[in-house]
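All of these numbers come straight from a predicted model, not from anything done at the bench. When a ligand or atom number is given, it counts from 1 through the structure's own listing order.
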Amino acid sequence: MRTIAIMNQKGGVGKTTTSVNLAAGLARQGQRVCLIDLDPQAHSSIHLGIEAAGSPDTIYQVFAGGRTFDQVRQLVKENLWVAPSDLDLAATELELVDAAGREFVLKAALERADAEQQFDYIVMDCPPSLSVLTINALCAASEVIIPLQPHFFALQGLSKLLETTALVTRRLNRRLRVSGILLCLYETGTRLAADVTDDLMRFLQASDPQSPWSQARVFNSRIRRNIKLAEAPSFGQSIFDYAPGSSGSIDYGSLVSEVVSGGIAIPAPLAAAA
Ligand SMILES: Nc1ncnc2c1ncn2[C@@H]1O[C@H](COP(=O)(O)OP(=O)(O)OP(=O)(O)O)[C@@H](O)[C@H]1O
Ligand SMILES: [Mg+2]
């Protein structure tokens, strides 16, 4: 099983769009996928047609201890499960503040549910903050994918994000690796997008081989700006169902292939301990 956190503390960069369409695209290829919505905004849940507001069966209940992971995840399409979120999840930060092992609540819940046997992929949509929910995602994950909108300040935010990942790797989850950076909302043919992409590649090439992002690549797939991607959530559908011929569908289809073929190797001793 690969466990992928889709993370960037910056808002509106394409985390949710990527989480939903990556999960849906993997499921269409016959992989058993569970998408965990870790954002109290619940955008991923809504995007796949789940309105969980007020329901006892959300990922909040897993953090609060009232439900098991198996009780909250629901099948939304063949091979695709969602563990939905709702606004209650915003309380988790405060509720866990004094809890011992608060970083590992999700990891422990997945282990108890034997997720390793049930799914081929877990995809986690993180909130736009470095909150306890994001840290839980990083502790449960083996990989991080960072969606990035190519603009002038993108690299500044990225180095902070990579430092956080390095800290989590050192202290909490030795097997965590940044597997890739995904350029979203990409404006084809603009100078700025091309320049930021070049800078990004140079930055990664120059990185310390010991860093958890030393194996990171910029995905060849670029997610172009496409209005169909913005429309799909209001129909409760992934891009593959909503607009199969669109550039959004083509771009996310290409990402799915890259993710499937580019699984990163977990160092053997850590894999055994994981
Ligand atoms: N490639 C794209 N083309 C057009 N619109 C897009 C694209 N990617 C995302 N969007 C739209 O941009 C907005 C922000 O995207 P999204 O919700 O995926 O970002 P996010 O990083 O999850 O945001 P947040 O930080 O608030 O959780 C949404 O309205 C989404 O539909
Ligand atoms: Mg989001």
Side-chain angles (χ1 to χ4, degrees), residues 4-25 35-52 58-60 82-87 89-90 92-93 123-138 141 144-151 153-154 157-158 160-161 164 180-190 192-193 196-197 218-256 258:
I4 306 175
I6 311 293
M7 180 186 72
N8 191 331
Q9 83 278 19
K10 191 165 164 27
V13 293
K15 293 182 288 296
T16 297
T17 308
T18 298
S19 302
V20 167
N21 292 308
L22 173 61
L35 171 63
I36 306 179
D37 189 349
L38 286 173
D39 188 343
Q41 297 179 102
H43 288 167
S44 277
S45 313
I46 297 165
H47 195 145
L48 286 168
I50 304 175
E51 297 277 358
T58 68
I59 196 74
Y60 167 70
V82 176
S85 159
D86 77 342
L87 202 52
L89 191 58
T92 303
E93 187 84 33
V123 176
M124 295 177 279
D125 182 17
C126 294
S129 62
L130 294 172
S131 65
V132 74
L133 295 164
T134 301
I135 301 297
N136 263 271
L138 295 181
V144 179
I145 290 178
I146 301 178
L148 199 78
Q149 192 179 345
H151 64 73
F153 294 111
L158 180 68
K160 163 100 177 94
L161 199 55
T164 307
I181 294 169
L182 176 68
L183 295 169
C184 290
L185 291 145
Y186 196 83
E187 308 272 8
T188 318
T190 65
L192 181 63
V196 172
T197 308
V218 181
F219 286 106
N220 291 325
S221 316
R222 311 267 150 90
I223 311 300
R224 289 165 285 178
R225 208 176 261 283
N226 176 223
I227 190 66
K228 298 289 182 202
L229 286 166
E231 290 169 3
S234 49
F235 293 87
Q237 291 178 334
S238 78
I239 193 66
F240 304 109
D241 290 324
Y242 176 66
S246 63
S247 67
S249 169
I250 292 165
D251 294 348
Y252 275 112
S254 153
L255 174 71
V256 169
E258 257 192 280

Atoms of ligand 1 less than 4.0 Å from [X] heavy atoms?
| X | result |
| --- | --- |
| Asp39 | 27 (O) |
| Ile223 | 1 (N) |
| Val13 | 19 (O), 20 (P), 21 (O) |
| Ala230 | 5 (N), 31 (O) |
| Gly11 | 25 (O) |
| Leu229 | 1 (N), 2 (C), 31 (O) |

For [atom], the protein heavy atom that lies nearest, with its residue and separation:
| atom | answer |
| --- | --- |
| atom 19 (O) of ligand 1 | Gly14 N, 3.0 Å |
| atom 20 (P) of ligand 1 | Lys15 N, 3.5 Å |
| atom 17 (O) of ligand 1 | Thr16 CB, 3.9 Å |
| atom 28 (C) of ligand 1 | Thr17 OG1, 4.8 Å |
| atom 1 (N) of ligand 1 | Arg224 O, 3.0 Å |
| atom 6 (C) of ligand 1 | Leu185 CD2, 3.5 Å |
| atom 3 (N) of ligand 1 | Asn226 N, 2.8 Å |

Say whether, by atom type as modelled, one donor and one acceptor occur between the side chain of [X] and the main chain of [Y] under 3.5 angstrom.
| X | Y | answer |
| --- | --- | --- |
| Thr197 | Ala193 | yes |
| Thr92 | Leu89 | yes |
| Glu93 | Val132 | yes |
| Lys10 | Leu158 | no |

Is there an N/O/S atom in Ser44 at a distance below 2.8 Å from the Mg ion (ligand 2)? no
When you compare ligand 1 with [X], is there at least one nitrogen or oxygen pair between them that comes in under 3.5 angstrom?
| X | value |
| --- | --- |
| Asp125 | no |
| Cys126 | no |
| Gly12 | yes |

Shortest non-hydrogen contact from Pro150 to Cys184? CD-O, 3.3 Å
Show your working on side-chain contact (heavy atoms from CB on, under 4.5 Å) between Leu38 and Thr134 and close with a plain yes or no. CA-CA 8 Å; Leu38 286 173; Thr134 301; over 6 Å; no
Evaluate the 4.0 Å heavy atom contact test for atom 13 (C) of ligand 1: does a protein atom fall under the cut-off? no
Is there a side-chain contact (heavy atoms from CB on, under 4.5 Å) between Thr18 and Leu255? Walk through the geometry before answering. CA-CA 9 Å; Thr18 298; Leu255 174 71; 4.2 Å; yes
Test log, rule side-chain contact (heavy atoms from CB on, under 4.5 Å), inputs Thr164 and Gln9: CA-CA 10 Å; Thr164 307; Gln9 83 278 19; over 6 Å; no
State, with a plain yes or no, whether a side-chain heavy atom of Val256 is found less than 4.5 Å away from one of Leu22. yes
Evaluate the criterion side-chain contact (heavy atoms from CB on, under 4.5 Å) for residue pair Met124 and Ile6; output intermediate values, then yes/no. CA-CA 6 Å; Met124 295 177 279; Ile6 311 293; over 6 Å; no
Measuring from the heavy atoms of Arg225, does anything fall under 4.0 Å of ligand 1? yes
With heavy atoms and a 4.0 Å threshold, my read on which part of Gln41 contacts ligand 1 is side chain
Looking at Cys126, Ser19, Pro128, Ser44, which hits side chain to side chain contact (heavy atoms under 4.5 Å, CB included) with Asp39? Pro128
Between Ser221 and Tyr252, is there a side-chain donor-acceptor contact under 3.5 Å, judged purely by atom types and distance? no
